Amino acid sequence: MELRLYNTLTKEKEVFQPLDPARVRMYVCGPTVYDFAHIGNARPVIVFDVLYRLLRHLYGEGKVKYVRNITDVDDKINARAAEEYPKLLLNEAIRLVTEKTEKQFHDDVDALGCLRPDVEPRATEHINEMRDLIERLVKAGFAYVGEEHVLFEVGKMADYGKLARRSLDEMEAGARVEVAPYKRNPMDFVLWKPSKPNEPGWPSPAGIKTPGRPGWHIECSAMSWKHLGETFDIHGGGIDLVFPHHENEIAQSRCAFHTPIMAKTWMHNGFLQVEGEKMSKSLGNFVTIRELLATKKFGDREWTGDVIRLSMLKTHYRQPLDWTVAALNESYSVINGWRRHLTSGGDYTMAFIEQNREQYETFLPAQDVVSSLLDDLNFSQAISALHKLARIDSVEAKQALFGSLQFLGILTFEEMASEQSFEELPISKEMLKARIAARNLARENKDWKKSDEIRDELKAMGVVIKDNKDGTTSWEIAR
RNA sequence: GGCCACGUGGCGGAGUGGUUACGUAGCGGACUGCAAAUCCGCGUACCCGAGUUCGAUUCUCGGCGUGGCCUCCA
């Protein structure tokens with residue numbers, strides 16, 4: 001079976017063939033670290049995590065190199081740093097903000113079941129590569145200096161606009177921005193700009209005396225070059241990055257290296273809305289990953305990483321996705337069902353799984369799940385395959401389901417086998433067992449009134465009682 | 001204004017030129033002391049109009065609606 005991926009560059013699904021199967025290379029645009037990541041930021045992280053897992057499955061774990069950058073030089077970072085640490089030197093404040101935010105980001109996406117990329121380069125650690133690129137572009141005539149800025153001259157690149165499928169004429173006609181006086185063409189973009197005295201700055205390229213800082217796009221060209229080479233296989237990100245960010249990355253990299261491509265395959269995930277509306281701070285529907293995980297702000301309850309991840313994967317990655325409480329509730333039901341199915345009966349109790357963890361971690365994904373993903377990451381069909389597996393009550397089917405869930409990163413081992421938490425319940429585990437015993441005694445005496453009273457009492461505390469067919473009684477924490 | 005996506009059953013969401021995906025909610029039944037869980041069954045959907053076709057939800061054109069980009073927002 002071959003992997004087929006939709007390529008924004010050609011607008012077609014293409015058979016994916018890595019430039020070098022022994023070294024499959026993927027770059028994804030990562031976060032700008034100044035605040036908690038929101039749920040829209042989580043989508044590309046999860047989508048490309050699934051692709052990373054699939055590539056590792058196909059080519060081998062050591063054969064795939066996944067690079068996701070961390071943007072730590074940006075006006076928003078500067079503003080946040082000055083706001084939070086007004087008494088510190090700006091550079092010190094920036095360091096504190098970016099380090100703290102990076103930690104938050106990692107904690108959040110770890111909780112969503114995402115593997116760490118192989119490299120997470122920081123922009124500020126690649127200033128030399130950026131300067132190098134800029135020098136090459138100036139030397140080759142693709143860039144020029146104007147008022148201490150270095151600008152990329154879009155008219156010098158024949159293919160400019162190919163990714164976004166826009167001609168320069170169209171873009172200029174639609175432009176609504178005031179054009180800076182130092183630009184030769186309104187669409188020329190900044191590679192390097194002078195720093196104000198209180199801003200972070202580095203020695204400038206192209207003979208500029210004033211210290212400066214990089215433009216937005218150059219960092220990704222520099223970091224992908226450093227860690228993946230002049231050309232590589234896959235470049236991903238949100239669809240809003242197609243223009244101008246990715247278009248400009250392509251311009252920089254291709255013109256600096258004189259190559260026909262930067263990345264072979266360009267992939268973009270669709271946009272996310274919240275309850276049918278654009279997510280924005282002004283609408284008050286802005287929701288961060290952390291708020292979903294650790295507060296009751298969205299849907300009046302906390303959500304596990306599994307539920308968030310499944311909700312993200314229910315929709316094909318290129319489709320628009322509406323983030324709703326209803327969808328999270330549905331994911332919760334589905335995951336609960338799978339967990340129940342996997343841990344019910346015979347050898348599949350929680351305790352047994354815990355004891356045999358090593359063996360369980362070796363279970364492979366079902367072929368139907370993998371082949372669904374091979375078709376441009378058809379998540380919906382993969383999940384459909386999971387549902388079909390979950391209807392079969394056999395050891396083989398359960399192993400395949402477990403293996404598939406682990407492969408997709410949905411039901412992680414920890415979330416699968418962990419004891420349900422009593423922390424938030426107004427009853428201890430020992431007390432619960434005593435009440436269940438009391439109820440079963442009442443049932444033996446056919447004292448249904450008392451039996452039902454105890455069940456209602458426990459239900460009010462959030463514990464659902466189930467009398468199984470084999471005469472045992474089990475319980476589950478209700479939501 | 002320019003460019004580009006998307007519009008499927010109560011809800012979510014794949015897919016296909018003709019043959020009921022899947023899930024979730026709901027309803028009915030089995031099981032149960034009653035429940036829960038589970039199992040079985042049920043709904044007969046594809047924005048509107050025109051065209052192509054023997055036949056369109058699927059292709060083409062137009063319309064309407066929603067969203068994205070053109071403003072360093074994934």
Side-chain angles (χ1 to χ4, degrees), chain A residues 8 11 28-32 37-48 71 73-76 161 164-167 169-178 186-187 189-190 193 214-219 236-245 247-248 268-273 276-281 286 310-311 313-316 318-322 324 326-334 336-337 340-341 344-345 372 375 378-388 390-391 393 442-443 446-449 451-452 455-456 459 464-469 473-476 478:
Chain A
T8 307
K11 284 197 148 191
V28 175
C29 289
T32 301
H38 59 67
I39 191 60
N41 300 122
R43 192 171 190 192
V45 176
I46 292 173
V47 164
F48 291 104
T71 298
V73 50
D74 178 276
D75 285 341
K76 290 191 293 292
R165 293 183 178 257
R166 266 175 239 218
S167 69
D169 291 345
E170 284 168 5
M171 288 188 271
E172 284 170 35
R176 296 182 297 189
V177 216
E178 203 176 322
M187 298 312 296
F189 60 91
V190 171
K193 55 193 168 187
W216 176 33
H217 316 294
I218 195 71
E219 61 171 270
I239 196 167
D240 58 317
L241 292 181
V242 172
F243 193 89
H245 186 53
E247 191 72 57
N248 291 351
H268 296 95
N269 61 273
F271 223 68
L272 179 145
Q273 286 180 274
E277 288 185 306
K278 183 184 167 83
M279 179 167 64
S280 71
K281 282 179 177 161
F286 199 86
L310 177 61
S311 298
L313 295 180
K314 275 196 301 202
T315 303
H316 183 88
R318 283 192 279 121
Q319 293 286 92
L321 167 59
D322 194 9
T324 63
L328 286 168
N329 274 319
E330 188 178 313
S331 300
Y332 178 89
S333 299
V334 168
N336 234 14
R340 216 155 24 215
H341 175 71
S344 69
S372 297
D375 182 17
N378 193 328
F379 299 150
S380 309
Q381 275 192 350
I383 291 168
S384 173
L386 296 179
H387 286 304
K388 285 172 183 165
R391 282 205 303 238
D393 190 19
R443 289 173 66 220
K446 300 203 187 303
D447 185 353
W448 310 126
K449 185 165 177 288
S451 162
D452 290 350
R455 186 168 63 197
D456 290 345
K459 188 176 183 184
V464 177
I465 293 302
K466 301 188 290 187
D467 299 323
N468 302 314
K469 266 190 169 177
T473 297
S474 56
W475 55 271
E476 190 172 279

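Keep in mind the model is a prediction, meaning the values are calculated, not measured. All chains are named by letter (A, B, ...) in the order of the sequence lines, taking the proteins before the strands, and each is independently numbered beginning at 1.
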Please list, chain by chain and in numerical order, all residues satisfying side chain to side chain contact (heavy atoms under 4.5 Å, CB included) with [X], sequence neighbours excluded.
X       : value
D456(A) : none
H38(A)  : N41(A), M279(A), F286(A)
I239(A) : V242(A), H268(A), F271(A)
T473(A) : I436(A), R439(A), N440(A), R443(A), I465(A), D467(A)

What's [X] touching, base or sugar-phosphate or nothing? Going by heavy atoms closer than 4.0 Å.
X       : answer
D467(A) : base
L272(A) : base
S331(A) : nothing

Using both distances under 3.5 Å as the test, list the Watson-Crick or G-U wobble partner of [N], or none.
N       : result
rU16(B) : none
rC11(B) : rG23(B)
rU66(B) : rA5(B)
rU57(B) : none

Set out, line by line, the N/O atom pairs under 3.5 Å between protein and nucleotides 22-27 of chain B.
| from | atom 1 | to | atom 2 | distance (Å) |
| --- | --- | --- | --- | --- |
| rC22(B) | O4' | S384(A) | OG | 3.3 |
| rG23(B) | OP1 | R391(A) | NH1 | 2.8 |
| rG23(B) | N2 | E330(A) | OE1 | 3.1 |
| rG23(B) | N2 | E330(A) | OE2 | 3.3 |
| rG23(B) | N3 | E330(A) | OE2 | 3.4 |

Interatomic distance at [atom1], [N] relative to [M], whole Å:
N       : M       : atom1 : result
rU52(B) : rU60(B) : C1'   : 7 Å
rA21(B) : rU57(B) : C1'   : 14 Å
rU71(B) : rC3(B)  : C1'   : 16 Å
rU58(B) : rA25(B) : C1'   : 28 Å
rC6(B)  : rC59(B) : P     : 10 Å
rG7(B)  : rG12(B) : P     : 13 Å
rU19(B) : rA30(B) : C1'   : 32 Å
rC11(B) : rA35(B) : C1'   : 27 Å

In whole angstrom, what separates [X]'s [atom1] from [N]'s [atom2]?
X       : N       : atom1 : atom2 : result
D375(A) : rA21(B) : CG    : P     : 18 Å
I465(A) : rC34(B) : CD1   : P     : 18 Å
D322(A) : rG67(B) : CG    : C1'   : 11 Å
Q381(A) : rU16(B) : CD    : C1'   : 11 Å
Q273(A) : rG13(B) : CD    : C1'   : 16 Å
K446(A) : rC34(B) : NZ    : P     : 11 Å
H217(A) : rC69(B) : NE2   : C1'   : 13 Å
F48(A)  : rA74(B) : CZ    : P     : 14 Å

Quick one, S380(A) with K314(A), criterion side chain to side chain donor-acceptor pair (under 3.5 Å). Give me CA distance, side-chain angles, the key distance, then yes/no.
CA-CA 6 Å; S380(A) 309; K314(A) 275 196 301 202; over 6 Å; no
Those residues that, when tested against D240(A), pass side-chain hydrogen bond (donor to acceptor under 3.5 Å, both in side chains) (two or more places apart)
none
Residues forming a side-chain hydrogen bond (donor to acceptor under 3.5 Å, both in side chains) with K446(A), sequence neighbours excluded
none
Flag, side chain of N378(A) to backbone of Q381(A), donor-acceptor distance under 3.5 Å:
yes
So, E247(A) side chain and G161(A) main chain: donor-acceptor pair closer than 3.5 Å or not?
yes
Stacking check W448(A) vs rG33(B) (5.5 Å / 30 deg):
yes
Mark this stacking check for F271(A) against rA74(B) as yes or no, applying ring centres under 5.5 Å and ring planes under 30°.
yes
Would you please name every residue forming a salt bridge (Lys or Arg N to Asp or Glu O under 4.0 Å) with D322(A), sequence neighbours left out?
none
Selected nucleotide, minimal atom distance to K278(A) side chain, candidates rC73(B), rA37(B), rA14(B)
rC73(B)
Closest to the M187(A) side chain: rA74(B), rA37(B), rU71(B)?
rU71(B)
Side chain to side chain, N269(A) and L321(A), heavy atoms closer than 4.5 Å
no
Within the 4.5 Å heavy-atom criterion, are P320(A) and L272(A) side-chain neighbours or not?
no
Within the sub-3.5 Å range, which N or O atoms of nucleotides 5-7 of chain B have a protein N or O partner, and how far apart are they?
| from | atom 1 | to | atom 2 | distance (Å) |
| --- | --- | --- | --- | --- |
| rA5(B) | OP1 | K11(A) | NZ | 2.7 |

Under 3.5 Å, is there any donor-acceptor pair linking the side chain of N378(A) to the base of rG15(B)?
no
So, under a plain 3.5 Å distance rule, would you say the side chain of R455(A) forms a donor-acceptor pair with the base of rA35(B)?
yes
Let me spell it out: for each of N41(A) and L321(A), pick the nucleotide of RNA chain B with the closest heavy atom. Which residue's pick is nearer the 5' end?
L321(A)
Of R443(A) and A326(A), whose nearest nucleotide on RNA chain B comes first from the 5' end?
A326(A)
